[in-house]
**Student:** 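Please see the structure below; I have some questions.
So that the names make sense, note that chain A is the first sequence line, chain B the second, and so on, each numbered from 1. None of these values were measured; they are calculated from a predicted model.
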Amino acid sequence: MDKHMSLDEVIAGLQAKYPEQLEVVEDSLQPAVRVKSDILLKVMQELKEEYGLDFLADLTAVDLGDEGFRAINHVMSWKPYRMLRVEVDVPKNRPRVPSLTDLWAAANVQEREAFDMFGIIYEGHPKLTRILLSDNFEGYPLRKDFKITSRRK
Amino acid sequence: MVSPLVFWIVAGITIIAALAVVNLTNLIHSALWLIVAFVGVAITYLILEAEFLAAVQIIVYAGAIAILIVFGVMLTRRGDIRESNLFNNYRLAGGLISLGLMATIVTMVVKTQWAIDVAAVPANSVGLLAQNLLGQFVIPFEIAAMLLLVALVGAIIIAKEVRD
Amino acid sequence: MVTLNHYLILAAILFCIGFYGAVAKKNAVAVLMGIELMLNSVNINLVAFNRFLNPGEMTGHIFALMVIVVAAAEVAVGLALILNIYRQRLTTDVNDLDWLKW
Amino acid sequence: MENLFVNISGALRGWFTGMGLPPMAVEAIMALVFLVAILAFVLLNVVYLVYLERKLSAYMQQRLGPNRVGPRGLFQTLLDVLKLFGKEDIIPNAADRWVFRLAAILVMVPAIMAFAVVPFGQGMIAVDLNIGIFYFVAVSSTATIAFLMAGWGSNNKWALLGGMRTVAQMVSYELPMVLSLLGVVMLAGSLRISDIMAAQKTVWFVVLQPVAFLIYLVASTAELNRQPFDLPEGEQELTAGPFTEYSGMRYALFFLAEYTNMIAVSAIAATLFLGGPQGPWLPSWLWFVIKVYVMIGIYMWFRWTFPRIRMDHLLAFNWKFLVPLSLANVLVTGIGLEIYKWFQTIRW
Amino acid sequence: MSLADDKFLRTEELTLNMGPQHPSTHGVYRAILTLDGEYIKGMENVIGYLHRGMEKLAEARTYPQFIPYPDRLDYAAGMLNELGYVQAVEKLMGIEVPERAEYIRIIMAELQRMASHMVMLGSYALDLGGYTPWMYFFRDREKILDLFEMASGARMTPCYMRIGGVAEDLPPEFLPQLRKFMDSMPASFEEYDNIVTGNEIFIARTKGVGVLPVEKLLSYGVTGPNLRAAGVDYDLRKVAPYGIYDRFEFDVPVYENGDCFDRFVIRIAEMKQSLRILEQAIKDLPEGPIKAKVPRVIKPPKGEVYHQIEGSKGVLGYYVVSDETNKPYRLHIHGPSFINLGALPDMCMDLTLQDVIATIASIDFILGEVDR
């Protein structure tokens, strides 16, 4: 497969392969797809190995409030410069996503950070512990329902 | 001639240090007391007007002691360093034997009549030593050099990491 | 007045202390220390004999030098052996060194 | 001017003898006087060496350096010493107390003892031993133990690592240093300092033994634990090596010892290679001080120029380069001496 | 246990806590080292001592109010961090920045890149025990900071960029001063070469130290000079020009070995390229407004954007999610130091303790950006 095809072709190819579990995010400033969490690993692996989007640019998450979380992954290739956002919706009561650490070592620290901040559990991560906050910190600060307890009494 | 007082002080310190070396249970402290004992011996050499030997004593043993301490630290980190230098089962027997040995030597020494020579030590003792070493005793000197070399090589080979 | 006997007795005491240490200690490094003490006492003897019996020649000194050389060689090899044994057995206790093959 | 200090000591000696003291007591008192004089010289110099070091580094780094306390910051070090006096003397709970305390004191002993054989001027050697230079070597070799004691006694892993490094470094660099001195001893035919000085009446040994001088320079820098060989201390790696846990005056003692050692090593270099206290026009002791300061300047220049060398490179450099080179130097010196003798025989 | 089944060498390992208080960890960073003698057998990063919850803070600040915060991320490269943030917001809102502001931004960004590199180069030399080079680098950095002070009033945390432009126009004495600085640099480069890169000890300590294969570097997501030193020609300024970088002529220095030495010299080479860009920017600097017309209350349309720029330490990314209020719904900062630090334990494996110091300094991380 051509590793330099344009993003539209990449998205089209992916959509053809996973018509059910993958949707293209409309009215987005940057190209984005939303996938179900069970095919995330497969999609990412294909993006990395077949479509040449082999650089994990960023990995984070967003709290959507009542709808749950959204795990955000940006993959890119340098030459030609392409960047694709892969989103995964995560239910609030069972925040689990497959870990990308087997594909990119870069995912290791970033998944730990997302776990630290949102409490999203990345399944298959070798050492999913708090990274920035102290080990005995309670709660996940970047969740919208996190209340900052006042330090002053 | 140096005052006898110096000898008594030095001898006392040396013996105390030697006892400390043997009796302390901390290997590092033993090694440090060993330095004191060696320096005491070096001063004894000085009293005996053997300056060169005194310097050799310090230079050889001080360096060796540092290495000994390093080994002590390296080899005992696993356990408690305060208990690193214990006695084995032969403590009593060893003590008795050495006491007996000492008694024997002391009686022998006291009983022997020495042919004391009261001549003074030659002024250029270092030069004389050098001439002797490289003249009359050149073969032992060379053998000692060889021995050192062999010991060096041997030590390196023994201590070298065993890889399979 | 300090005579030859004083030095000889000092050396004898040192020798016996060293012997005691070499025999009665568990740690191999300590055993080496005891041996060093013994060698030193021998050197005191040699130098004292040289000074009191034949001060005009340096024979005693040369013997003492040889002893120091041998002692240095002995320490080097001894420590290397201890190190290697420690690597194999994680102990420096001489009582544990009772196996006959490597 | 030339015999200023010799005359003072002679007058003192005469005065003590005149008091009716036995000769041995006079000797003892004179030894004490020499010790005090040496201590005074050393301490005074150390205070201003620290200042010099800071100023020199400032000039090399395009800064000003200390300039607040006193004219041009001259009293800066004095004030620093005062500050160190006022600091709390902390001994870690888990430290081996006596070893920890003793190390700071013992580190000064070899540094001061080495001065016994330093010729501060014509006829100004405290003790002109017949093993002079060998005495210096022997005494300075014991400095290792104090560092090791400090490193071990602190019960701190960084300190221990620093102590171990000290042993590896100082024991191995001892070798080329002694071997380089051997070249000089061979030329002079004596270990006695005054003989070595006398042998340099016409030609300094730095001319006859340039390789030995360079080896000595490198090896002594390593013995002093100064850049580029300051691995035992290595601020960026081991925080402060063996001195990590020290504070206040004990820490200052280590500093003092470092600078004292630097003066001693420079003094020996000046004596053995730069003709000692000999030179035209000026009094001999002034010449000596000038030469010592030239050597100290070189050490400081090294420090502010080089980055730190790596441990394995350090040892490899010693065993694979310096030691063989110094052995070769001894060999060449021996052959040269024989040829020189042979020339002299055929000339007659 | 019999001896037969345990034939290999047994040595003791020493666990050493390097940091959080250690002279060479560049702030409060801790590495748990497992040492075999002086060799590293295991290393674990412990970070978070400087965590200030910046991403959470952003959710309680309006868009312009957040501008000072990126300054405190990588405090050695404040201008670049701000640039990334304001460009991300501009991208979200679709704001066109006036020409003059674009050029001023380029000038500031490249000056900041040089200043940041100087911090790294100087402290690198210092970490290897060379005190004097450090002063040389900081002497030159001082000139840049003076320029920043002239333009923005602050030296390290300028808060100079604005959404839609820059805060103030350049003062009249800025350009002559900049000229003077640029003229002084060639001599400085020669000095750097003499005192650091030409030094035998420096070369011996850095050549071949801290190397990771390129695939691993890419897998770890390492970017910036650290990646280019290993022979990968990835520079966002060339690959995906943001702002007006496509108008300038410059090269991307690429080295081959990816060891500490290359990571050091590539930064000097990049400084030379920055000078080239500055040269062109000064020449073409147009007159005109310095700020686009932006609404008084900034409320970006609903949407999200991930914007990357080439920071001084690697690719700096901002992921901004807007919900049409005046505060970002979510702001994620992708700090290159954080990512590069992830690759450190692998780089340090089997090196000596001293090499670890050299490697830590060579990947040039700033804890403010790591912990956020």
Side-chain angles (χ1 to χ4, degrees), chain A residues 25 27-32 48 54-65 69-70 72-85 87 100-110 112-114 116-118 127 129-135 137 140-144 146 148, chain E residues 44-53 55-56 58-60 91-92 94 212 215-223 227 232-236 238-241 301-308 315 317-323 329-334 338-343 346 370-372:
Chain A
V25 182
D27 66 3
S28 169
L29 276 172
Q30 289 162 321
K48 181 185 176 185
D54 55 357
F55 193 87
L56 183 69
D58 185 43
L59 189 155
T60 184
V62 178
D63 184 0
L64 300 176
F69 304 110
R70 183 171 290 162
I72 311 278
N73 311 301
H74 286 92
V75 285
M76 66 184 275
S77 69
W78 290 85
K79 284 178 180 170
Y81 179 77
R82 296 169 297 173
M83 186 157 68
L84 177 68
R85 177 158 66 239
E87 303 177 348
L100 300 182
T101 39
D102 289 340
L103 294 174
W104 287 285
N108 189 323
V109 282
Q110 301 185 63
R112 275 180 75 184
E113 193 201 346
D116 204 356
M117 298 296 166
F118 290 97
K127 190 190 173 195
T129 52
R130 291 205 178 267
I131 183 168
L132 294 179
L133 300 171
S134 62
D135 289 338
F137 191 88
Y140 300 100
L142 279 184
R143 287 186 178 183
K144 288 288 178 189
F146 179 79
I148 299 168
Chain E
E44 193 190 331
N45 288 330
V46 180
I47 56 174
Y49 294 95
L50 205 61
H51 181 63
R52 290 150 294 176
E55 292 175 9
K56 186 75 181 171
E59 292 172 13
K91 209 175 197 176
L92 200 56
L212 264 193
E215 306 82 61
K216 273 209 162 169
L217 283 177
L218 287 171
S219 167
Y220 271 115
V222 173
T223 47
L227 183 63
V232 185
D233 184 15
Y234 288 169
D235 188 327
L236 271 183
K238 272 273 191 249
V239 174
K302 199 169 165 65
E304 50 204 285
V305 71
Y306 182 66
H307 180 66
Q308 291 178 309
V315 170
Y318 286 89
Y319 177 60
V320 188
V321 183
S322 159
D323 59 350
Y329 182 77
R330 165 96 172 103
L331 181 89
H332 173 67
I333 303 158
H334 178 91
F338 181 62
I339 305 299
N340 292 352
L341 192 59
D346 233 5
V370 174
D371 294 344
R372 277 158 290 158

**Student:** Tell me every residue that passes ring-ring contact (aromatic ring centres under 6.0 Å, His included) with E:Y319, counting only those two or more places apart in sequence or in another chain.
**Tutor:**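 Expected list: A:H74.
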**Student:** How long is the span from the OH atom in E:Y49 to the OG atom in A:S134, to the nearest 0.5 Å?
**Tutor:**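 Going from the OH atom of E:Y49 to the OG atom of A:S134 covers 10.5 Å.
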**Student:** Drop me the distance from A:L142's CG to E:E59's CD, to the nearest 0.5 angstrom.
**Tutor:**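 Output value for this atom pair is 5.5 Å.
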**Student:** Which heavy atom of E:V321 sits nearest a heavy atom of A:V62, and at what distance?
**Tutor:**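 Reported closest heavy-atom pair: CG2-CG2, 4.2 Å.
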**Student:** Measure E:E44 against the heavy atoms of chain A and call it side chain, backbone, both or neither at under 4.5 Å.
**Tutor:**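 Only the side chain of E:E44 comes within 4.5 Å of chain A.
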**Student:** With a 4.5 angstrom heavy-atom cut-off, is it the side chain or the backbone of E:L236 that approaches chain A, or both, or neither?
**Tutor:**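 Its backbone and side chain both get close to chain A.
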**Student:** So do the side chains of A:L132 and E:I47 get within less than 4.5 Å of each other, counting heavy atoms only?
**Tutor:**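 Yes - at least one pair of side-chain heavy atoms lies under 4.5 Å apart.
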**Student:** Would you mind reporting whether E:V315 and A:F55 have side-chain heavy atoms less than 4.5 Å apart?
**Tutor:**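 A side-chain contact under 4.5 Å is absent here.
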**Student:** When you measure from the side chain of E:Y306 to the backbone of A:D58, do you find a donor-acceptor pair of N or O atoms at a distance under 3.5 Å?
**Tutor:**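 Answer holds: no.
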**Student:** Examine whether an atom of A:L133 lies under 4.5 Å from a heavy atom of chain E, and if so say whether it belongs to the side chain, the backbone or both; otherwise answer neither.
**Tutor:**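 Only the side chain of A:L133 comes within 4.5 Å of chain E.
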**Student:** Using non-hydrogen atoms only, which part of E:V370 is less than 4.5 Å away from chain A: side chain, backbone, both, or neither?
**Tutor:**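 For E:V370, backbone heavy atoms alone lie under 4.5 Å from chain A.
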**Student:** For A:R143, which atoms come within 4.5 Å of any heavy atom of chain E: side chain, backbone, both, or neither?
**Tutor:**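 Just the backbone, heavy atoms under 4.5 Å.
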**Student:** Counting heavy-atom pairs closer than 4.5 Å to chain A, which one of E:D323, E:D233, E:V46 comes out on top?
**Tutor:**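 Result: the option with the highest number of such pairs is E:D233.
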**Student:** Measure distances from E:V305 to the heavy atoms of chain A and classify the residue's part below 4.5 Å as side chain, backbone, both or neither.
**Tutor:**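 Both backbone and side chain of E:V305 come within 4.5 Å of chain A.
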**Student:** I need the minimum non-hydrogen distance between A:A57 and E:Q308, along with the two atoms involved.
**Tutor:**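 Taking A:A57 first and E:Q308 second, the nearest heavy atoms are CB-NE2, 3.6 Å.
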**Student:** With a 4.5 angstrom heavy-atom cut-off, could you sort out which part of A:I72 is near chain E: side chain, backbone, both or neither?
**Tutor:**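 A:I72 touches chain E through side-chain heavy atoms alone.
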**Student:** Is the positively charged end of E:K238 above the ring of A:Y81, judged by distance under 6.0 angstrom from the centroid and angle within 45° of the axis?
**Tutor:**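 No, E:K238 and A:Y81 do not form such a contact.
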**Student:** As a quick check of understanding, evaluate side-chain contact (heavy atoms from CB on, under 4.5 Å) for E:Y220 and A:L56, giving each step before the final call.
**Tutor:** CA-CA 9 Å; E:Y220 271 115; A:L56 183 69; over 6 Å; no
**Student:** I'd like to know if the side chain of A:K144 reaches the main chain of E:Y329, judged simply by a donor and an acceptor atom lying under 3.5 Å from each other, with no hydrogens or angles considered.
**Tutor:**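 Checking the backbone N and O of E:Y329 against the side chain of A:K144, a donor-acceptor pair under 3.5 Å is found.
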**Student:** What part of E:L341 lies closer than 4.5 angstrom to a heavy atom of chain A: side chain, backbone, both or neither?
**Tutor:**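 For E:L341, neither part sits under 4.5 Å from chain A.
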**Student:** Please look at A:R85 and chain E and tell me whether the side chain, the backbone, both or neither of the residue comes under 4.5 angstrom of a heavy atom of that chain.
**Tutor:**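 Contact with chain E involves the side chain of A:R85 alone.
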**Student:** Are A:W78 and E:T223 close enough that some pair of their side-chain heavy atoms sits under 4.5 Å apart?
**Tutor:**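 Side chain of A:W78 against side chain of E:T223, heavy atoms only: contact under 4.5 Å found.
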**Student:** Mind checking the CD-NE2 spacing from A:E113 to E:H332? Nearest 0.5 Å is all I need.
**Tutor:**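 Rounded to the nearest 0.5 Å, the CD-NE2 separation comes out at 5.5 Å.
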**Student:** For the interface with chain A, which of E:K302, E:K56, E:R372 has the highest count of heavy-atom pairs at distances below 4.5 Å?
**Tutor:**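 It is E:K56.
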**Student:** May I ask you to decide if A:A61's main-chain N or O and E:R330's side chain share a donor-acceptor pair within less than 3.5 Å?
**Tutor:**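 Here the side-chain-to-backbone pair exists.
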**Student:** Taking E:S219 for its side chain and A:A105 for its backbone only, find out whether a donor-acceptor pair lies under 3.5 Å.
**Tutor:**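 Checked: pair present.
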**Student:** Which atom pair, heavy atoms only, marks the closest approach of E:E304 to A:Q30?
**Tutor:**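 Distance-wise, the nearest heavy atoms are O-OE1, 4.3 Å.
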